[in-house]
Structure formats: C-alpha cells, structure tokens
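Keep in mind the model is a prediction, meaning the values are calculated, not measured. Sequence lines set the chain letters: A, B, ... in the order given, protein chains first and strands last, and positions in each chain run from 1.
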Amino acid sequence: MKNQHINPVEPYLRMDRMPHIWCPGCGIGIVVNCFVRALNQSGIDPDLVSIISGIGCTGRIAGYLKLDSFHTTHGRPIPFATGLKVARPELKVLVFSGEGDLVSIGGNHLIHAARRNSDIKVFCVNNFTYAMTGGQVGPTAPIHSIATTTPYGSYDRPFNLPFLADSTGAVYVARWTTYHVRQLTRSMVEAINKPGFCFVEIIAPCPTIYQRRNRLGDGLEAMRYYKRYSRVINGANTRMVGLELKGPIIVGKFIDRDRSTLLEAMNEEFSSKLGARYQPYPTGVVR
Amino acid sequence: MAVERRTSRRKSRGELFIDCERCKGCGFCVEFCPTQVLAMGEKLNRKGYHTPVIVDLEVCTGCDLCGLYCPDFAIHAVRVKIEAGEAKECDNGG
Ligand code: SF4
Ligand code: SF4
Ligand code: SF4
C-alpha cells in the first residue's frame with residue numbers, strides 16, 4: 001500500500017506547523033503517538049473529537065492535532081471542556097495539558113470537574129516543572145528538586161495526582177510514563193470509551209528544564225530510568241503512589257468504577273422531582 | 001550438491017521508514033527496539049543531529065515500537081506478510 005510510507009500520525013497533524021517546538025528527547029511527542037493510535041483503535045469518528053489544551057509545552061498539542069481543537073487561557077481547559085460537553089453531548093471532549101496548567105493554575109477546575117463527574121477525559125502530562133515559562137517550581141515537583149524558583153530545592157509537599165483524582169471522584173484513574181507506550185495507548189482507549197471523568201497521568205521527560213536543573217541526564221536517561229524504576233501495580237491504593245525525587249514510580253490502572261455523569265445525574269434528579277414534565281437532556285452516554 | 005531448502009517460519013517481516021531530516025537524535029528508537037535493528041549513525045542531518053541507521057533489517061518485526069517512541073514522528077514501521085512464494089531460504093541452506 002502506498003500510503004504506508006506516511007507516518008500514521010501524519011494524517012492527524014497540521015503538517016504546516018511541523019516541525020514542532022518540542023526539544024530533542026521531550027516526551028510530549030510520544031503522547032501524541034499514543035493518542036493517535038488510541039484514536040484509531042477506539043473506533044471513534046475523529047470528526048466527533050475535540051481536543052482542548054491550556055498553556056504550556058503540552059498545551060501545544062491542541063495546535064498541532066488536525067482535529068477540532070481549542071487552546072484556552074492558562075489553567076482553563078477543563079471548564080471550557082465541560083461547557084463544550086454540556087452544549088454538545090455527542091462530542092468526545094479530550095483535554096491535553098501539563099500539570100502546571102491543570103493542577104496548579106486550573107486546580108480548582110480539576111477537582112470540581114472530577115467531583116461532578118463531567119464527561120471529559122483529561123490526559124495530564126507531568127514533567128514536574130513549568131517548562132515553557134522557564135522552569136518555575138510546579139505542583140508535582142518532588143521535595144528537594146531544583147527549579148528556578150527553588151534554587152536550593154523544593155520543600156513543598158507535591159501533589160500525588162492519581163490520589164487527587166481518585167479522592168475527588170474520577171471514575172477512571174491511571175498513570176503511565178512515556179516508556180509505557182502500549183499500556184498508555186490502552187489506557188487512552190479505555191478512557192475515551194468510558195463515560196465520566198477520566199484522568200490519565202503521563203510522566204514525561206523534560207530534558208531541557210527539569211532534567212538539566214536536577215542533573216538527571218537527557219531524555220534517553222529519563223526513559224531508561226522509567227524502564228528501570230517503574231513498577232506496574234494495577235489497582236494500587238492511590239494513597240501509596242506518591243513520587244519522590246529519584247524514587248520508584250508506581251504505574252498502572254488504579255481506578256475503574258461507574259457512577260452517573262454530570263448530565264445523567266442532572267436528568268435523574270430532575271426526573272425524580274418533575275416526573276413526565278421533565279424532558280431529559282441528551283447525555284451522549286451509551287450504557 | 002544437494003541444496004537443502006528450508007523456509008523461514010516467520011509469517012511476517014518489518015518494513016521501516018525513516019525520515020532523517022525530522023529526527024532530533026534522541027536515541028529512543030535505537031534504545032528501545034526489542035531486536036536491535038537500529039544504531040545511532042555517524043552522519044549528521046541538516047539540523048546537525050545524529051540520526052539512526054539500520055544495522056539489521058532482517059530482525060525487524062515491524063512492531064512499530066520505534067514509531068511509538070519517536071517524539072518527532074521521524075520513524076515508523078509496518079508489518080508485512082511474507083507471501084508463500086517469497087519465503088526465504090535459510091542462509092546456510094545454500
Ligand atoms: S522545555 Fe521541556 S517540556 Fe518543553 S518542549 Fe522542551 S523538553 Fe519538552
Ligand atoms: S519496528 Fe520494531 S523491530 Fe523494527 S525497528 Fe522498529 S522497534 Fe525495532
Ligand atoms: S526516536 Fe525519532 S527523533 Fe529519536 S533518534 Fe529515533 S528517529 Fe530520531
């Protein structure tokens with residue numbers, strides 16, 4: 001077949017924007033690779049997919065993917081995504097952004113979208129720093145790690161993202177590194193097909209900022225580290241999966257449960273109160 | 001001389017596509033190829049990065065792990081069926 005010569009990612013990229021700005025050895029491109037394969041495997045019509053990003057290196061994904069996409073202001077992809085899903089329930093609304101954008105600046109949106117079980121899927125690329133803005137300390141930066149704003153080492157307790165998503169009500173929670181490409185792809189397919197708020201943390205190398213400041217080597221060194229020090233524990237107690245500088249990385253699918261989505265819950269409540277007078281709002285959920 | 005004709009048991013092989021000008025030399029594809037098909041080359045591309053070279057295409061399975069790992073969409077592989085007529089004779093068979 002002639003078109004086999006084309007990289008499978010290419011039909012989904014805005015090629016006029018290539019080459020992308022990501023540094024050599026940056027992990028974000030791997031996330032794009034996995035996503036495109038996941039989209040193909042999920043059987044979803046790409047015309048019904050929307051990609052929402054915030055600001056940051058990971059936020060560029062919305063600009064590079066040739067799908068309906070929106071690049072929001074800093075920290076706001078989740079409220080935009082929730083609004084889009086409510087207005088157009090038939091869409092698959094997917095959020096790609098970094099941990100600084102989603103968990104610090106947009107942290108409030110994250111916990112409330114999880115609490116309300118907004119039917120959006122969040123793929124959070126965690127590289128432990130605000131990379132695009134020059135390496136300020138981020139919400140997941142391990143204690144003792146160096147950032148431009150913590151030159152002697154960070155002393156703030158970092159967020160354990162799977163625990164945060166789990167305890168606030170996400171129905172699907174997984175964590176992988178960019179080394180775990182097949183598992184990540186599978187988790188993406190599962191999240192895309194699952195109704196409700198799904199959260200996948202993806203640990204990725206940032207050789208230019210985080211790795212360099214912390215003398216952790218280049219991208220390849222980070223990938224070797226992930227290979228060597230990751231432990232797959234599916235169903236692990238999310239309390240126990242916090243990360244430390246130079247510590248082990250517990251990866252896996254931690255949470256997979258069912259509860260009514262935001263729109264389903266709204267329909268249930270109003271139907272129970274108003275009976276036949278209430279015409280249920282479309283939810284986009286097939287159960 | 002009697003030539004022993006032995007056909008490979010492999011039902012498929014890999015076909016590999018590399019776009020060196022897109023490569024940024026991270027080495028992921030070389031490091032994580034399960035069958036060590038690739039090595040980092042000596043030559044530089046136009047942007048000054050070392051790019052992967054194929055050292056043993058025979059052992060490529062077309063698993064496309066290199067494609068999944070390449071952050072710059074510079075390499076990918078497909079698995080192609082080995083047709084019955086195409087079956088290779090074993091190297092030491094003749
Ligand atoms: S600064 Fe870090 S996260 Fe941003 S593109 Fe470079 S390596 Fe990737
Ligand atoms: S397709 Fe698989 S076996 Fe072939 S070069 Fe790529 S990683 Fe190696
Ligand atoms: S993974 Fe891609 S960018 Fe990295 S060395 Fe291989 S071809 Fe080049």
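- Among K227(A), R182(A), E10(A), the residue making the largest number of heavy-atom pairs under 4.5 Å with chain B is R182(A).
- The environment of E21(B) atom CD is dense: over 12 non-hydrogen atoms of other residues, nucleotides or ligands sit within 6.0 angstrom.
- Chain A forms more heavy-atom pairs under 4.5 Å with one residue of C23(B), C63(B), G25(B) than with any other, namely C63(B).
- For F159(A), the CZ atom is loosely surrounded, since the number of other residues' heavy atoms within 6.0 Å does not exceed 12.
- The shortest distance between side-chain heavy atoms of F73(B) and V32(A) falls below 4.5 Å.
- In this structure the side chain of Y49(B) reaches within 4.5 angstrom of the side chain of P24(A), judged on heavy atoms.
- Of the possible polar contacts, none joining the Y69(B) side chain to the I30(A) backbone as a donor-acceptor pair under 3.5 Å is found.
- Neither the backbone nor the side chain of L184(A) has a heavy atom closer than 4.5 Å to any heavy atom of chain B.
- Only the side chain of T185(A) comes within less than 4.5 Å of a heavy atom of chain B; its backbone N, CA, C and O stay farther away.
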L68(B) and C34(A): CA distance, side-chain angles, deciding distance, side-chain contact (heavy atoms from CB on, under 4.5 Å) verdict: CA-CA 6 Å; L68(B) 273 158; C34(A) 294; 3.9 Å; yes
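- With a 4.5 Å cut-off on non-hydrogen atoms, L65(B) touches chain A through its backbone and its side chain both.
- With contacts defined as side-chain heavy-atom distances shorter than 4.5 Å, the pair H20(A)/D72(B) qualifies.
- You'll find the side chain of T178(A) stays beyond 4.5 Å of the side chain of F28(B), heavy atoms only.
- Counting only distance, with no hydrogens or angles, the side chain of N7(A) and the backbone of H76(B) share no donor-acceptor pair below 3.5 Å.
- Between P19(A) and K47(B), the closest side-chain pair of non-hydrogen atoms falls below 4.5 Å.
- Of the listed residues (A74(B), A77(B), G67(B)), the greatest number of heavy-atom pairs within a distance under 4.5 Å of chain A belongs to G67(B).
- Expressed to the nearest 0.5 Å, how far CD of E221(A) lies from CD of E31(B) amounts to 9.0 Å.
- No donor-acceptor pair closer than 3.5 Å links the side chain of K24(B) to the backbone N or O of C26(A).
- Counting non-hydrogen atoms of neighbouring residues, nucleotides and ligands closer than 6.0 angstrom, the CZ atom of R14(A) exceeds 12 such neighbours.
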